[in-house]
Amino acid sequence: MRPFDHFLRQGLMDANLLQYDETLRQAASEELNASLPYRRERMRLLADPWNWEKERTRPVLRRGIVRGIVAAAAILLLVTAAAAIAVPLWNAFFGGLDPQQQEIVDEMETGGGAAEKTEAESLLPPPAEHDGVTVTPLRILGAKNQLYLMLEIRAPEGTVFSSEDAVWLFGGLSLPPERRTEMAGRKGGFTVLEAGTREPNVLTGVAEETTSYDIGGCTFVVRALYRNTPDGEQEPVFEASDNVTWKTGTWDIPIPEGLNGDRVLELPAEGLSMADGQKTMTLLSMSVSPLGIWWKYRLDGEDPWPRVRMALRMRDGSEIEAAPGQMTMGDMGSGCTAAVDFVKPVDLSQAEAVLWGEVEIPLGQLGEE
């Protein structure tokens, strides 16, 4: 039976290839109707696919299907469709916002809001400009260790962006010199919202950063912008003039101090612990904002602590899970730091508790002593 099984397998593979050959050959040229929420989730998946699979707990999603999604996302990375956006940009980035979520964004963002937001507008850093490139911060939405930075990037004259470009922003948050002894970890990505829509050499996108430290007073440093060529290679749209040490020529956007610090709740979490076999995790501190949760802990045990389920329990009994892509870093001596963000801004006035694994931590309200 073995030869028959072999021939049957080969025949099925050949039939499958014939069926989908045309689709595969056109994958690099066809414009896919990929929504902004889909592309944002795809960015999370491609940044950390294995943790994305572990943390996205969906009972109906079996292993083979998950692997198929990973493979499909990798193929679709070759094509980015960014159609003209008719809805507000934050709304498009987050995949739709209900009125309460939109109100949270309006209250927290720096710049780009209502006409009476003159003070918030004045906090926006100035554009960074040199070598024919201008990077302009349009809006800043952030708190504690979570940042969404909306940027307009004006590339050198003669550059032509299109909705089909796969664009990569090389940059990220940098601590000020006096704070570079802090434990510093970060993960991030860049989502294009508009490309060549208003002017051929202008694109708008959102840089998303999750860090192990307070983002207030840090600098978002843009080092380069790349895009894929038709043959799949990467080409620089622009680069810092010193692209070896990156010490000069970067486009720097300073982040305001104390960004939305009044929207961060420090929880009564010190000393709470949970055990897993021979390991024990003990909390040193925890804070939560409408954008995410940050906590520091001490680990007793030899192996790294597994990822912990994080969620908010709301007053109506529902739960809001944190987004996939939990970041953990640190060492046994000084303590470890972990962070998660929410898929969309959360109304903390409607939340009762943080769910840290099986441990429930009561949530105070903003403005309470």
Side-chain angles (χ1 to χ4, degrees), residues 43 47 90 93 105 108-112 119-130 133-153 168-191 205-225 240 242 245-266 285-296 325-330 334-342 345:
M43 178 192 73
W90 281 132
F93 174 74
V105 170
M108 292 182 65
E109 70 174 350
T110 298
E119 182 178 352
E121 294 278 359
S122 68
L123 292 175
L124 268 180
E129 180 178 6
H130 61 83
V133 174
T134 303
V135 179
T136 303
L138 301 179
R139 305 182 188 183
I140 299 175
L141 177 64
K144 187 68 176 186
N145 68 311
Q146 185 68 31
L147 174 70
Y148 302 100
L149 177 61
M150 192 179 294
L151 298 172
E152 179 190 86
I153 299 176
W168 308 91
L169 185 73
F170 183 30
L173 280 169
S174 176
L175 283 164
E178 65 274 12
R179 291 177 54 193
R180 288 179 185 167
T181 56
E182 295 181 26
M183 183 188 300
R186 52 165 292 271
K187 66 182 181 73
F190 185 69
T191 302
V206 175
E208 179 179 352
E209 294 275 309
T210 300
T211 69
S212 64
Y213 49 86
D214 194 325
I215 62 173
C218 294
T219 301
F220 188 85
V221 180
V222 176
R223 296 178 171 88
L225 186 74
D242 178 359
T245 63
W246 307 109
K247 290 181 179 178
T248 61
T250 57
W251 292 262
D252 297 349
I253 308 297
I255 305 302
E257 293 272 5
L259 189 63
N260 287 308
D262 59 342
R263 307 283 298 187
V264 178
L265 295 175
E266 302 294 340
S285 63
M286 178 179 284
S287 62
V288 60
S289 80
L291 305 179
I293 306 172
W294 179 97
W295 67 101
K296 189 169 183 177
Q326 187 172 130
M327 183 185 73
T328 39
M329 64 165 300
S334 60
C336 302
T337 300
V340 293
D341 62 299
F342 299 121

Query raised in the report: Just by distance, do the side chain of N260 and the backbone of G142 share a donor-acceptor pair under 3.5 Å?
Result: yes

**Report entry** Closest non-hydrogen atom pair between P345 and V105, with its separation
**Finding:** CG-CG2, 3.8 Å

Requested in this report: Side-chain contact test, heavy atoms from C-beta onward, threshold under 4.5 Å: evaluate it for S174 versus D252 and give yes or no.
Outcome: no

Query raised in the report: Does a side-chain heavy-atom distance below 4.5 Å link L169 with I153?
Result: yes

Report task. Kindly compute the distance separating CE (M327) from OG1 (T211), expressed to the nearest 0.5 Å. Result -> 6.0 Å

Query raised in the report: Which pair of heavy atoms, one from A143 and one from M108, lies closest together, and at what distance?
Result: CB-CE, 3.9 Å

Query - Inter-residue atom distance L124.CG - L138.CG, 0.5 Å rounding - result: 8.0 Å

Report task. Using the six-membered ring wherever Trp is involved, compare the ring planes of H130 and W251 and label them parallel, tilted or perpendicular (cut-offs 30° and 60°). Result -> parallel

Query raised in the report: At what distance, to the nearest 0.5 angstrom, does CG of L151 lie from CG of L225?
Result: 10.5 Å

Query raised in the report: So W294 and S289, side-chain contact (heavy atoms from CB on, under 4.5 Å) or not? Walk me through it.
Result: CA-CA 9 Å; W294 179 97; S289 80; over 6 Å; no

Requested in this report: Of all the heavy-atom pairs spanning E266 and S287, show the shortest one and how long it is.
Outcome: OE1-CB, 3.4 Å

Query raised in the report: Measuring from K144:NZ to T210:OG1, what's the distance to the nearest 0.5 Å?
Result: 14.0 Å

Report summary line: Rounding to 0.5 Å, atoms CD1 (I215) and CD1 (I255) come to a distance of 6.5 Å

Query - Side-chain heavy atoms of F342 within contact of I293, under 4.5 Å - result: yes

Query - Minimum side-chain heavy-atom gap C218-P176 below 4.5 Å - result: yes

Requested in this report: Taking all heavy atoms of K296 and all of T337, pick out the closest pair and write down the distance.
Outcome: CG-OG1, 4.2 Å

Query raised in the report: Taking all atoms of both residues into account, what is the closest heavy-atom pair of P125 and I140, and its distance?
Result: CD-CD1, 3.7 Å

Query raised in the report: Checking R179 side chain against D214 main chain: does a donor-acceptor pair fall under 3.5 Å?
Result: yes

Query raised in the report: Can you check whether V340 reaches W295 side chain to side chain, under 4.5 Å on heavy atoms?
Result: yes

Report task. Answer yes or no: is there a side-chain heavy-atom contact under 4.5 Å between F93 and E208? Result -> yes

Report summary line: On a heavy-atom basis, the closest approach of G185 and Y213 is O-CE2, 3.7 Å

